[in-house]
Structure formats: structure tokens, C-alpha cells
2 protein chains.
Amino acid sequence: MPVAKAVKKAAAVRAAKRPRIGEPTAKKAAPARAQKLQNTRLAILESALSHFARRGFQGASTREIAQTAGVRHGMIRHIYGSKDELWREVIGFLFERMNAEMPAVVVNPENQDDIVYWKKWVRWYIGYSARHPDHGRLMVQQSILQGPQLEWAAEQFIRSRHLWHFPAIERMKANGHLPDVDTVSLFFMINAACQMIYVLAPEIKAVDGRDVFDPREIEKHIDAVFVTFLR
Amino acid sequence: MPVAKAVKKAAAVRAAKRPRIGEPTAKKAAPARAQKLQNTRLAILESALSHFARRGFQGASTREIAQTAGVRHGMIRHIYGSKDELWREVIGFLFERMNAEMPAVVVNPENQDDIVYWKKWVRWYIGYSARHPDHGRLMVQQSILQGPQLEWAAEQFIRSRHLWHFPAIERMKANGHLPDVDTVSLFFMINAACQMIYVLAPEIKAVDGRDVFDPREIEKHIDAVFVTFLR
DNA sequence: AACATCATTATCCACTTGGATAGCGACAAT
DNA sequence: ATTGTCGCTATCCAAGTGGATAATGATGTT
């Protein structure tokens with residue numbers, strides 16, 4: 001196959017819509033062909049998330065990612081073009097899944113009391129962090145790495161999330177419901193309090209023998225965050 | 001050189017005492033020969049810390065580590081025997097340096113009021129985390145990785161640190177000075193509150209444009225931790 | 001001055017890495 | 001039934017990996 005055609009083809013595959021989480025398998029009934037591709041894409045994304053989160057970008061091998069996904073490593077290049085692009089798609093997938101798992105009551109704070117809403121959000125976010133500890137792990141890897149990838153992620157996903165939370169935090173500070181300290185510090189403390197215990201779960205298991213993913217432990221941790229920050 | 005002799009030699013080099021931080025270049029005046037070796041060891045350790053912290057264990061390359069340290073990669077094998085052993089030495093180096101930077105008033109809580117001591121500890125620990133953000137980064141990499149390396153680190157360094165802090169935390173909880181929540185949750189929240197903002201400094205820079213290492217920002221963050229946890 | 005030590009390197013090795021290319025072969029369209 | 005599409009793989013490649021070996025040459029010892 002001539003080079004030009006091959007490149008064009010790869011671009012087309014890449015442009016194809018990535019598997020959407022919530023979408024109810026739209027229309028008619030997708031041709032088996034397309035459905036299979038979507039399954040493969042999803043398998044690769046989940047495998048890549050797991051490997052990237054644990055080993056970092058350079059430490060993860062596309063061959064291992066492919067093996068976990070049940071395909072040959074050529075498939076990754078076929079679909080995503082490069083390891084860099086796969087990394088970006090994984091981060092996109094991560095936030096899409098997060099949004100998809102967010103219940104309406106958390107997405108939309110309207111007409112809810114600030115404290116009630118904050119508690120709902122914390123409860124949901126801790127559950128999410130316990131369900132998907134690799135989210136926090138990947139974001140830590142991303143943030144440590146610096147470079148243009150981080151700029152891109154900040155621009156694309158992280159900044160909007162920060163800005164979305166800041167007004168509510170400041171309102172609650174003003175009303176005396178959260179400690180009256182620097183907003184960025186406070187946001188990071190709350191965020192870390194919610195997810196780091198799950199990111200570092202293997203350490204806690206090794207040191208204290210505790211399984212932080214036990215539902216009762218999760219409930220205790222939710223309470224700990226409430227009591228610590230809320231006033 | 002026969003194999004047996006080479007192995008014996010490497011073991012001897014490895015067994016030689018690693019550079020101690022506080023030690024005042026003891027006795028007489030070390031022969032230039034030994035001094036140079038110590039310098040090289042230190043350069044490799046610091047370079048390795050930086051690379052491991054950012055890229056993780058598998059992601060860091062011994063050749064790049066050596067280059068940053070100004071030597072050829074054979075030197076690493078000569079001194080440390082293997083990449084695994086280098087990783088372990090780096091972690092040992094990290095905690096040794098941490099202990100060396102700990103002032104007496106933080107090492108020894110005797111005869112100090114709990115609150116006063118806790119504030120001194122937090123202030124020192126935040127300063128340390130800001131001075132050496134790679135400490136937190138490496139420990140996150142270590143904890144995420146699981147496997148026997150984590151067991152070793154937990155046994156060797158982490159557990160004793162946890163156990164050392166727990167009694168004071170429980171006493172302060174009992175006296176109403178810290179939120180009355182699960183001790184492990186509380187310890188992790190305090191720990192994360194102190195160091196994660198520096199571990200994730202590149203993210204904050206990219207998202208909010210803030211330099212968390214600015215001394216005034218550090219002071220604000222210390223205050224934030226005080227106000228949030230202390231009561 | 002001659003010798004021995006040893007910090008350091010050059011160089012080789014088998015293996016893995018991300019990427020590129022050229023298919024194959026099950027499906028879909030006619 | 002024939003043909004073309006395209007999901008997927010086999011296979012090659014240059015570059016990089018951690019490790020092993022033997023040498024070098026400045027330093028220290030006699």
C-alpha cells in the first residue's frame with residue numbers, strides 16, 4: 001500500500017468516534033464490524049489506563065498494554081497512531097467516564113443548600129475515587145511529568161473543574177461552613193483528602209494491613225472528611 | 001579477571017558506607033580517592049531520585065541517571081550492582097536526609113505542649129516538602145507500584161513513621177485538638193494536606209499560574225493546615 | 001621507582017522498545 | 001457469488017534497555 005493512502009487511512013480510523021460511555025448504543029443496531037472495533041478500543045483504553053497509572057508514561061509498554069487488552073501491539077498504532085496520542089485518549093476517556101458516573105444531583109447544585117450539596121459531592125467523589133483509584137494515579141503521573149502534555153490536560157480538563165468548584169468553596173467559606181483559608185490550598189486539601197487514601201491504598205495495606213476499599217472503611221472515611229472540613 | 005573475584009569486588013564496593021548526611025567529614029581528612037567516590041555516589045543518588053520521582057522505576061533509564069550525575073552508566077552497576085538496588089538506596093538516602101534535616105525540637109516532642117509541638121512539626125514538614133517535592137513523588141511511585149519493593153519500604157521506613165505519629169494524634173483527638181475521626185484517615189489527610197500541593201506543583205502552575213514554592217505562599221499554606229485541622 | 005589498588009570507562013550482549021509496512025481474512029455491499 | 005473494505009496481525013527496523021566484562025590510568029603504598 002502506498003504511503004499516502006496508509007496515512008490517510010490511519011487518520012480516518014483515529015478520527016472515528018471513541019466509545020461514549022452513556023450513549024445507549026444508538027440507532028438501529030450497529031453493524032457487528034463497528035461494534036467489535038468499539039469493544040477493542042474500550043479494552044485498550046482500560047488496559048492503558050491501568051498500565052499508565054501504575055508505571056507512568058515511559059514505564060508502560062505498548063506491547064504489555066496490548067496484551068492485557070487481548071490484541072497485538074500493532075493495533076494500538078492502527079487505532080491511536082502513537083503512544084502519546086493513546087495517553088491523551090486515556091485522559092479524555094477518564095474524564096468522560098467520570099462525568100458519566102456523576103448523578104444528576106451532583107452535576108447540578110441548583111436549589112440545593114450549600115452544605116447538603118457539598119456533602120453529596122464529597123460522598124460521591126470518595127465513592128468514585130474508591131471505585132477508580134487509577135484516576136488519581138494517572139493524574140498524579142500526568143502532573144509530575146510536566147511538559148506540553150500537562151499544559152494540554154490543564155487546559156482541556158483540569159482548569160474547568162477547578163473553576164467550577166471555587167465559587168461554591170468561597171461561598172461556604174464566607175458563610176463559615178468551611179475553614180477560612182486560601183481557596184487553592186483548601187481545594188487541594190479537600191481533593192487530596194478524598195482520593196489520596198485510595199491512590200495509596202497498597203501502601204496502607206502494606207503498612208497498616210487495612211483494606212480501605214471495604215465499604216465500612218469508605219463510610220468511615222466519608223465521615224472523617226465531613227468532620228474535618230465542615231463547620 | 002575471574003568471575004568470582006569480580007563479584008567479590010563489586011560486593012565490597014556496594015558494602016562501603018553510603019554518604020552520610022550530617023557526618024562532619026569525620027577524622028583526619030579522607031584520602032582524595034575515597035572522597036571522590038563519595039561525591040560520585042551522592043551525585044548518582046540525587047540524579048536517581050530526580051529521575052525515579054518523575055518517571056517511575058521502569059520509566060527511568062540508568063543511562064540518563066548516569067548522564068545527569070556526570071558519569072557513565074557502568075558506574076551505577078559498579079557501585080550499586082543493579083537498578084533495583086539503586087532504587088532501594090535512593091529510598092534509604094531519602095529518609096536519611098529527611099532525618100538529618102529534622103531539627104531537635106521536631107525530633108524530640110518531650111516536655112512540649114501537644115499543640116505547640118504539632119504546629120512545629122507541621123511547619124517543618126511543609127517546609128521540607130516544599131524543599132524536596134521529589135520525596136513525595138518518589139513515595140507515591142513506590143506506593144502505587146506494589147510488589148515486594150513496597151513491602152520492604154513499608155517494613156523499613158514507613159511503618160515506624162506511622163506508629164510514631166499515631167499516639168500523639170490520638171491524644172490530641174482525645175483532648176479535642178484534632179477532629180475526632182479515624183486515626184488512619186486523619187493521618188493521611190494531614191500528610192496529604194502538607195505535601196501533595198508540592199508534589200503536584202507543576203499542575204497548580206499550569207492550571208492556576210501559581211508558584212506554590214514562593215515563601216509567602218508556603219506561609220499561607222501552613223496557616224491553611226493549622227486552621228483546617230486544629231481546634 | 002616499582003607496584004598495587006580501584007574509580008572509572010569502553011564495549012559488548014541479549015532483549016525490549018515504539019514505530020513502520022505489507023499483508024491476511026472475515027465481514028459487508030453489490 | 002464476486003468484490004472491496006477494514007479490523008487485525010506478522011514481521012521487520014533502528015534505537016534504547018539493564019547488565020556483564022575487561023581494560024585504563026590516576027592515586028596510594030612499598
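All chains are named by letter (A, B, ...) in the order of the sequence lines, taking the proteins before the strands, and each is independently numbered beginning at 1. Every heavy atom of this structure was used, including side-chain atoms; hydrogens, water molecules and symmetry mates were not.
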Under 4.0 Å from OP1 or OP2 of [N]: is there any side-chain N or O of [X] that close?
X: Lys83(A); N: dG18(C); result: yes
X: Lys36(A); N: dC8(D); result: yes
X: Ser82(B); N: dG18(D); result: no
X: Thr40(B); N: dT8(C); result: yes

To the nearest Å, how far apart are [X] [atom1] and [N] [atom2]?
X: Gln58(B); N: dT17(C); atom1: CD; atom2: C1'; value: 13 Å
X: His51(B); N: dG18(D); atom1: NE2; atom2: P; value: 11 Å
X: Leu37(B); N: dT9(C); atom1: CG; atom2: P; value: 12 Å
X: Gln35(A); N: dC8(D); atom1: CD; atom2: P; value: 11 Å
X: His73(B); N: dC12(C); atom1: NE2; atom2: P; value: 13 Å
X: Gln38(A); N: dG7(D); atom1: CD; atom2: P; value: 10 Å
X: Ile76(B); N: dT17(D); atom1: CD1; atom2: P; value: 11 Å
X: His78(B); N: dA22(D); atom1: NE2; atom2: P; value: 15 Å

Could I get a table of every N or O pair under 3.5 Å where one atom is in the protein and the other is in nucleotides 13-16 of chain C?
none

**Q.** Test: Arg41(B) and Glu89(B) ion pair at under 4.0 Å
**A.**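 Here Arg41(B) does not pair with Glu89(B) in a salt bridge, since their nearest N and O are not under 4.0 Å apart.
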Q. Can a donor-acceptor pair be found between the side chains of Gln141(B) and Gln141(A) at a distance below 3.5 Å?
A.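 There is such a pair between these side chains.
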Q: Tell me yes or no: between the side chains of Glu101(A) and His132(A), is some donor less than 3.5 Å from an acceptor?
A: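 There is such a pair (donor and acceptor under 3.5 Å, judged by atom type) between the side chains of Glu101(A) and His132(A).
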Q: Please tell me which of the listed nucleotides, dG18(D), dG18(C), dA7(C), lies nearest to the side chain of Thr62(A)?
A: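 Within the option list, the nearest is dG18(C).
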Q) Of the nucleotides dT11(D), dT9(C), dC8(D), which has the atom closest to the Met75(A) side chain? A)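 The answer is dC8(D).
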Q. Phe157(A) vs Phe95(A) aromatic rings, parallel, tilted or perpendicular, using cut-offs 30° and 60°?
A.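 Aromatic pair Phe157(A)/Phe95(A) classed parallel.
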Each nucleotide N or O in nucleotides 25-30 of chain C that has a protein N or O under 3.5 Å away: list the pair and distance.
unit_1  : atom_1 : unit_2   : atom_2 : d
dA28(C) : OP1    : Ala32(A) : N      : 3.4

(Q) Using side-chain heavy atoms (C-beta onward) and a distance below 4.5 Å, is His165(B) in contact with Trp121(B)? (A)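 Side chain of His165(B) against side chain of Trp121(B), heavy atoms only: contact under 4.5 Å found.
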(Q) Base, sugar-phosphate or nothing for Ala66(A)? Non-hydrogen atoms, less than 4.0 Å. (A)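 It contacts nothing in the nucleic acid.
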(Q) Looking at Gln156(A), I want to see if its CD is surrounded by more than 12 non-hydrogen atoms of other residues, nucleotides or ligands under 6.0 Å. (A)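 More than 12 within 6.0 Å, yes.
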